[in-house]
Amino acid sequence: MINILQQIVEKFISEVTGFFGQDKVLTLEEIQTTLTPISQNFVLNMTKAYLELLDQAIVEDKKGRTKKGFVIERRDDKRDVYLQFGHLSFKRTYFFNKRDEDYAYLLDQAVGLEGYNRVSNTVAVQLVEHASESSYGESSRHITGGEISRQTVMNKLRRLENLTIPAPSVKRKAKVLYINADEDHVSLQDGKKAMVPLISIHEGIKRRGKRGQCINPHYISSHGKPIEELWLDAARYIHDTYEEDEIEVIYLFGDGHFWIKEGLKWLPKAKFVLDRYHLNKVILEVTSKQPEKRPSLHAAFYSGDWQASAQLIQQLKQDAKDDSDKKRIQEFGRYVKNNWAGIAIYSREDCGGSCTEAHVSHILSKRLSSRPMGWSREGLRVMAELRAFKSSGGKIEPKHLKQTEPAYTLEKRLVGRVSREFKAVVREQFNNVTILRHGKVVPAFECLRGLQNGHFPF
């Protein structure tokens with residue numbers, strides 16, 4: 001095996017030095033374009049050699065593996081996997097466990113490569129990261145050049161778990177917290193529509209020119225998850241992140257839907273606020289045929305004058321031209337009455353502004369509903385949770401991919417045997433130095449021997 005390793009190293013050095021040895025000035029573009037595939041191919045060849053050396057060490061460790069019940073069933077089974085360097089093909093040994101009466105590729109387990117996986121966990125993370133912003137097919141084309149199917153990308157996405165942001169080491173202090181709650185409506189593969197809720201928690205909005213940016217935002221979303229669990233997640237996040245005794249009030253913005261008001265049961269210091277976007281939207285709709293009454297409605301609502309508001313709504317109903325308008329105005333009146341506390345609060349407290357629609361658009365709609373597509377319920381659940389996790393500052397890592405097979409641990413002595421093979425290749429490269437090959441002890445000998453063994457005796 002040392003000869004094979006040496007050939008790989010010598011070929012790589014020859015290709016690189018030959019490239020730089022040309023009698024012309026090389027541009028940075030030429031260097032990158034030429035050396036990238038050469039470097040990737042070198043890493044793939046060395047990885048193949050490394051894996052097959054590990055497999056050989058397992059095979060030769062007859063005493064160690066038989067203690068665990070493993071005997072050789074079959075040799076030289078081929079395995080293909082896509083790494084970030086490209087396509088890797090190698091051979092390994094198939095074992096039978098006499099104790100469990102089960103079969104396993106011990107090498108695969110030792111290096112964390114699960115059965116039937118066509119990509120490494122590193123590539124899987126890249127695929128999932130890209131799929132959170134674009135289609136499964138586009139993710140495959142961008143990361144693997146299209147060598148991985150859309151189905152594989154989707155399967156990797158569905159194996160995500162434990163997408164939680166760790167609590168800070170020191171809890172933050174805030175007198176006021178703001179929560180925006182709204183939902184997106186997404187098309188399913190069966191033609192139906194599904195609701196995907198989004199809860200946004202932040203400490204207020206800071207202005208950068210005309211644009212606003214939430215301070216320390218955190219997002220919670222899912223599909224098919226009980227609403228109580230979503231609000232429990234929100235309450236748990238606030239408990240783990242903030243000094244709760246320091247919080248004076250939590251403003252909960254939303255359109256008054258029952259699932260949003262459910263949050264009041266889980267957050268004792270919360271006050272509901274009917275966000276201005278939805279309030280202005282319903283005012284605009286109900287006064288579409290009587291626009292002259294619109295300014296008066298706005299003034300009555302935002303001054304917290306219930307009597308004036310009720311009179312204006314009654315006047316709207318009386319002046320309606322047909323029964324459908326009267327019915328719509330009547331429903332509007334019920335909506336205002338049911339959410340009056342969330343409207344009148346504007347006249348009593350400085351609640352700040354709401355950004356519910358912007359959050360839904362940026363975090364959910366951008367990927368889930370802005371383009372014509374149909375989701376499965378499981379895919380919708382995972383994508384909503386992934387988008388919320390990433391928008392909260394989370395980063396996908398291999399640990400977030402569910403592992404389904406046990407690992408086989410190699411003893412240190414076996415790993416040392418393989419590492420010595422690679423170290424021997426480095427020393428072999430110095431054998432063309434005559435003074436070292438003949439072993440003559442002259443003043444330069446110790447210095448060169450130090451270089452050969454990887455240390456510097458200067």
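Note that the coordinates shown come from a computational prediction; the quantities given were computed from them, not determined experimentally.
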Main chain of Ile179, side chain of Ser200: is a donor-acceptor contact present, judged purely on distance under 3.5 Å?
no
**Study point:** Backbone of Asp77 reached by a side-chain donor or acceptor of Arg92 within 3.5 Å
**Key:** yes
Take a 6.0 Å sphere around [atom1] of [X] and say whether it holds more than 12 heavy atoms from other residues, nucleotides or ligands.
X      : atom1 : value
Asp350 : CG    : no
Asp245 : CG    : no
Glu397 : CD    : yes
Lys171 : NZ    : yes
Glu292 : CD    : yes
Lys68  : NZ    : yes

For side chain to side chain donor-acceptor pair (under 3.5 Å), just list the numbers for Arg118 and Thr144, CA-CA rounded to whole Å, side-chain angles, deciding distance to a tenth of an Å, and then say yes or no.
CA-CA 11 Å; Arg118 292 193 58 208; Thr144 69; over 6 Å; no
With the side chain counted from C-beta on, respond yes when [X] and [Y] share a heavy-atom pair under 4.5 Å apart, and no when they do not.
X      : Y      : result
Phe42  : Val9   : yes
Leu274 : Tyr335 : yes
Arg79  : Asn117 : yes
Glu183 : Asp255 : yes
Ile205 : Tyr178 : no
Ser187 : Lys193 : yes
Val273 : Ser354 : no

Without hydrogens or angle criteria, can the side chains of [X] and [Y] be said to hold a donor-acceptor pair below 3.5 Å?
X      : Y      : result
Glu244 : His239 : yes
Arg141 : Ser134 : no
Asn339 : Lys261 : yes

**Asked** Under 6.0 Å from the six-membered ring centre of Tyr408 and within 45° of its axis: does the NZ or CZ of Arg65 meet both?
**Response** no
Item to complete: Establish, yes or no, whether the cationic atom of Arg172 lies under 6.0 Å from the six-membered ring centre of Tyr242 and within 45° of the ring axis.
Response: yes
When you check the gap from the basic side-chain N to the acidic O, do [X] and [Y] get nearer than 4.0 Å?
X      : Y      : value
Asp233 : Lys225 : yes
Lys24  : Glu30  : yes
Lys390 : Glu129 : yes
Glu203 : Lys175 : no

So His130 and His142, would you call those rings parallel, tilted or perpendicular, with 30° and 60° as cut-offs?
parallel
On a heavy-atom basis, the closest approach of Ala181 and Thr356 is N-CG2, 3.9 Å
